[in-house]
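Data block below; observations after.
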Amino acid sequence: MAPPVLEIDNLTMRFGGLTAIDRLSFNVERGAIHGLIGPNGAGKTTTFNVVSGFYKPTGGEVRLRGETISGLRMYEVARRGVVRTFQHSTLFAELSVLENALIGTHMSFPPNIFAAMAGVDKANRRAARARAEEALDFFGLSGLAEELAGDLPHGHQRALGMAVALAARPDVVLLDEPFTGMNPEETGRMMELMVKLRNTGVTILLVEHDMHAIMGLCDRITCMSFGRLLAEGSPQEIRHHPDVIEAYLGGARHVA
Amino acid sequence: MHSRVTNLAAFLGFGAILLALPHTLSFSQQEILVFLTINVLVVASYRLLTLTGEWSLGHVVIMGVGAYASALLSKRLGIYVPASMLLGAVTAAMVALALSFPLFRMKGFYFLIGSFAAGEIIRLLWKRFREPFGGPKGIKKIDPMPDFDIGIYAFDFFEPISYYYFALAVVGVSLWVMWRIERSPVGLTFHAVHWQDKLAEASGVNVRAYRTLAFVLASGFAGLSGALLAHYIGTINPNSFDVEQMVFVLTWTIVGGTATFYGPILGCVVLTILNEIVLREAGFEQMRPLIYGLILILSVLFMPKGLESLVRGALSWRNAGKKKVGETEATE
Amino acid sequence: MVELLAQTGLNALYAASYTALVAVGLVLIFGVMGVINFAHGELFMLGAYAIVAVYADWNLPYLVAVAVGMIFVGIVGLGMERAFFRPLRDNPLGGLVASIGFLMILQALVSMGFGVRMEHVPPVTQDVIVITERVRLPVFRLAVILAAVVLLASLWAFLKKTRFGWALRASAQDPEAAALQGISINQTARIAMFIGAALAGVAGALTAPLISVNPHMGHSVIVTAFIVIIVGGIGSLEGAVIVAVAYAFVHTFVTTFFDGVIADIVGLLLLLIVLIAKPTGLFGSTDRA
């Protein structure tokens, strides 16, 4: 059996007196779509922020293919192959759709200022552009390449966020609430795109509230509550897990 | 292809106007034209700095670093003036690199205050250390540009017109380099760092390194403009690079608007012409700080995107007019 | 040596008194309005010129001139609030830049009105309290120190004991919650701006007879005030007072034993170090940061 691509090992994150993540451990298998769920305030987004390098953990560590990546800066984590998206359509709204995707190619085709001034980076620019167009094509955004990202409708913005991540050719993508604000039709289309993305060999870890989407999409689900691991298993197992049901019913007021 | 020909024609025409311009002006107007040319480089470099989203209040002092360095290198070590100018630019860039370590731990107005404090420290060092900086009186009798002859034109740097051509060439090349950088993937990354530094970093961009790069490059060009100034006026002191000068640069930049490359240059040119024609002719020259202060406030209040937004507004209005004829809007 | 230290300490106490007045005003404006007033040094300068005009030129009593200066500068503050801080409330950097523009206007107006030369205000009193042969405290300096203490104590009482003070503190802590409580943002901003500006004005008026008054004197004042409010924790009035006193001592001692420029450099380095290590300052909270 292949070793897990991502290992979250005894991870702890404290802010002052508040413990947001409490000795959390779980593994993400290579090529899986892995869901991270839990009631509001369970620490899902904080976990994302630690894994992606946005925060330095108070304790424990995150390993990518056996190498410790916790404590690295966000761009260093990205350069090792873990790329994240953000909540609420975080994009370069003032740049065009193609330019957004071009930023995604930054790691594969790092800009060189001297080559740029001398005008000898044409091949590099062409390759970056091809990669960006390919990523846009994958998410059906080719026709919108010259539009300003901020002018796109919501569903397209979410797709563009994923295209920016895909343009980076990641091993693992972390998707933070990718279905928020989508209607069922858009959600369905996005789910198809995620399966398609996984089939290209990318491992996906996602945080999501939409239970329907999570249950239909994930191979494996980790459920958190109050910063701790509550349950882990297949969608079937999670759906019928008494602790999960308890946590969601108990937390229903907050969810609403 | 047609548009490339028109662009080239427009470029050549514009160049010819710039070359012919001083011959239509009086001696004192030619001097002002030299200052204007140098100031264009200052504002353009300031915009390069703001590309990554941080506004500095130390830019004019960094310009002064280039001026002091070039003046001292030529005066004390006898380095050939054009070479000392380049070294002045390098010195300014190096000082900026050193300053970037403390300053880029700050953001927003902490960065503003931090850059202001760093600039003040440098100015105080100039004031304090008579050796080599000359203390409050600064450096006098800075070596002028040595005259030279390029066959078609003999540069005689006692004439402002010669210095204007020299500065025009230096500034032109600098602007071209800055333009190339902005239009390259490096420039795109600067914009990305400005608009969404978190997403840029998640895409593998070393945000701090790019902020530093923009800061160091901008400071290098500011240092070059300082060196151009020093060898033209021949005397500099700590007050040549004080808050008042910074206000001028801020005003030109904000009045022009930073969204486009030409915005701040437009602001600088328009306000300088306004100043020289309206104020000087009307005998209100001492009111310059007052007018600039007023313009700065009014433009922050009523024109947050600057003069260039007026130009772009006019252009898009024209384009929209064209569009109506043939095609429908593609966006929803 | 002991005498030198005692004399330097007295000098420091005097420097602390007017520095605290300026810094507290700046912090009050920042706390309530969320904007850095770059023109604060020029408000100090205006206060000093009020003395030049009312006391030195028109020969009115000194205390009248101080009162005129304080109220006049307070009103200038109200004008600033209305003219640009209020329209730019959602754009704190815009407010800062506008105040830089205003700084230029004030300098230019004063230069045109009074000329750029130094003004010397005739001394109010030349009595000196002789403590020992080499430790002397001019009565006027003592009066400035006492006036500052009285003003800061009244401000403290105003903030803690009155309804306006309560409203001011509430909107400094959480402007939105304060607005929900029915506190008018415009009114608290006006009060803060008036008091903040008046404090800078009175500081300028009090020190005018002891320093050379010129249109550019605000520069060193604003630099000092920045150091104090950043090190003290931007937004913390207590921090500003404590650091004003501490910094005045450091600055005065370094000036006495080295020189004034070195003292300024030390202060600015201190500011940079604090900005790097703890951007919210020694006494600051992260509320408005």
Side-chain angles (χ1 to χ4, degrees), chain A residues 49 52-54 73-86 90-96 98-119 121 124-125 128-129 143-144 146-153 161 164-165 167-168 170 173-174, chain B residues 48 50-53 93 104-105 173-218 220-221 257-260 305 309 312 316 319 327 329-332:
Chain A
N49 284 337
S52 63
F54 193 61
R73 307 269 301 277
M74 199 149 73
Y75 74 89
E76 294 170 318
V77 173
R79 286 176 187 188
R80 283 165 176 73
V82 180
V83 172
R84 69 172 291 179
T85 67
F86 293 81
T90 299
L91 290 168
F92 307 108
E94 294 79 1
L95 302 182
S96 78
L98 179 64
E99 284 169 332
N100 271 265
L102 280 171
I103 298 297
T105 69
H106 180 88
M107 289 185 282
S108 316
F109 306 99
N112 179 316
I113 189 162
F114 299 108
M117 276 191 276
D121 61 346
N124 208 37
R125 289 194 207 191
R129 196 184 162 105
L144 302 168
E146 300 306 320
E147 300 290 320
L148 279 190
D151 294 343
L152 293 182
V164 174
V173 287
L174 311 178
Chain B
L48 177 59
T50 65
L51 273 192
T52 57
F104 281 117
R105 298 178 59 108
V173 170
S174 302
L175 291 183
W176 179 77
V177 169
M178 279 189 256
W179 171 255
R180 295 275 291 189
I181 291 173
E182 185 170 351
R183 299 301 295 245
S184 79
V186 178
L188 180 63
T189 313
F190 286 153
H191 285 287
V193 166
H194 178 186
W195 296 117
Q196 268 300 340
D197 55 349
K198 287 291 156 281
L199 180 57
E201 191 165 357
S203 304
V205 176
N206 184 344
V207 167
R208 173 93 174 256
Y210 271 85
R211 286 218 161 102
T212 305
L213 179 64
F215 186 54
V216 168
L217 282 172
F221 286 114
T258 53
T260 58
K305 289 191 173 147
S309 65
R312 278 208 294 190
S316 71
N319 290 342
E327 52 193 310
E329 293 282 324
T331 47
E332 40 180 7

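Excluded from the calculations below are hydrogen atoms, water molecules and symmetry mates; all remaining heavy atoms, backbone and side chain alike, are included. Labels below follow one simple rule: chain letters A, B, ... track the order of the sequence lines, proteins then strands, and each chain is numbered from 1. Quantities reported herein were computed from a predicted structural model and do not represent experimental measurements.
Counting heavy atoms of neighbouring residues, nucleotides and ligands inside a 6.0 Å radius, atom CZ of R208(B) exceeds 12 of them.
Under the 6.0 Å distance and 45° angle rule, R79(A) does not count as a cation-pi partner of Y75(A).
Interface remark: A118(A) contributes backbone atoms only to the contact with chain B (heavy atom separation under 4.5 Å). Looking at W179(B), neither its backbone nor its side chain comes within 4.5 Å of chain A, counting heavy atoms on both sides. Heavy atoms of N124(A) lying under 4.5 Å from chain B are absent altogether. Both the backbone and the side chain of I113(A) come within less than 4.5 Å of a heavy atom in chain B. Interface residue R125(A): only side-chain heavy atoms are found under 4.5 Å from chain B. F109(A) does not touch chain B: none of its heavy atoms, backbone or side chain, sits under 4.5 Å away.
Contact annotation: the side chain of F54(A) approaches that of K198(B) to within less than 4.5 Å [non-hydrogen atoms, C-beta and beyond].
Of the residues considered (V164(A), T105(A), L95(A)), L95(A) shows the highest number of contacts with chain B, using heavy-atom pairs under 4.5 Å. Looking only at heavy-atom pairs under 4.5 Å with chain B, the residue among M107(A), E94(A), E76(A), R73(A) that has the most is E94(A). For the options S184(B), G187(B), A200(B), A202(B), heavy-atom pairs under 4.5 Å to chain A are most numerous at A202(B). Contact count versus chain A (heavy atoms, under 4.5 Å) is highest, among L213(B), V186(B), L199(B), V207(B), for L199(B).
Distance CZ/F114(A) to CG/D121(A): 13.0 Å, rounded to 0.5 Å. In this structure, CG in D197(B) is found 8.0 Å from CE in M74(A), a value given to the nearest 0.5 Å.
A distance-only check finds a donor-acceptor pair linking the side chain of R180(B) to the backbone of M117(A) [under 3.5 Å].
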For a quick test of your reading: what N or O donor-acceptor pairs under 3.5 Å do the side chains of residues 189-196 of chain B make, sequence neighbours left out?
residue, atom, partner, partner atom, Å
T189(B), OG1, P185(B), O, 2.7
H191(B), NE2, E182(B), OE2, 3.2
H194(B), ND1, L51(B), O, 3.4

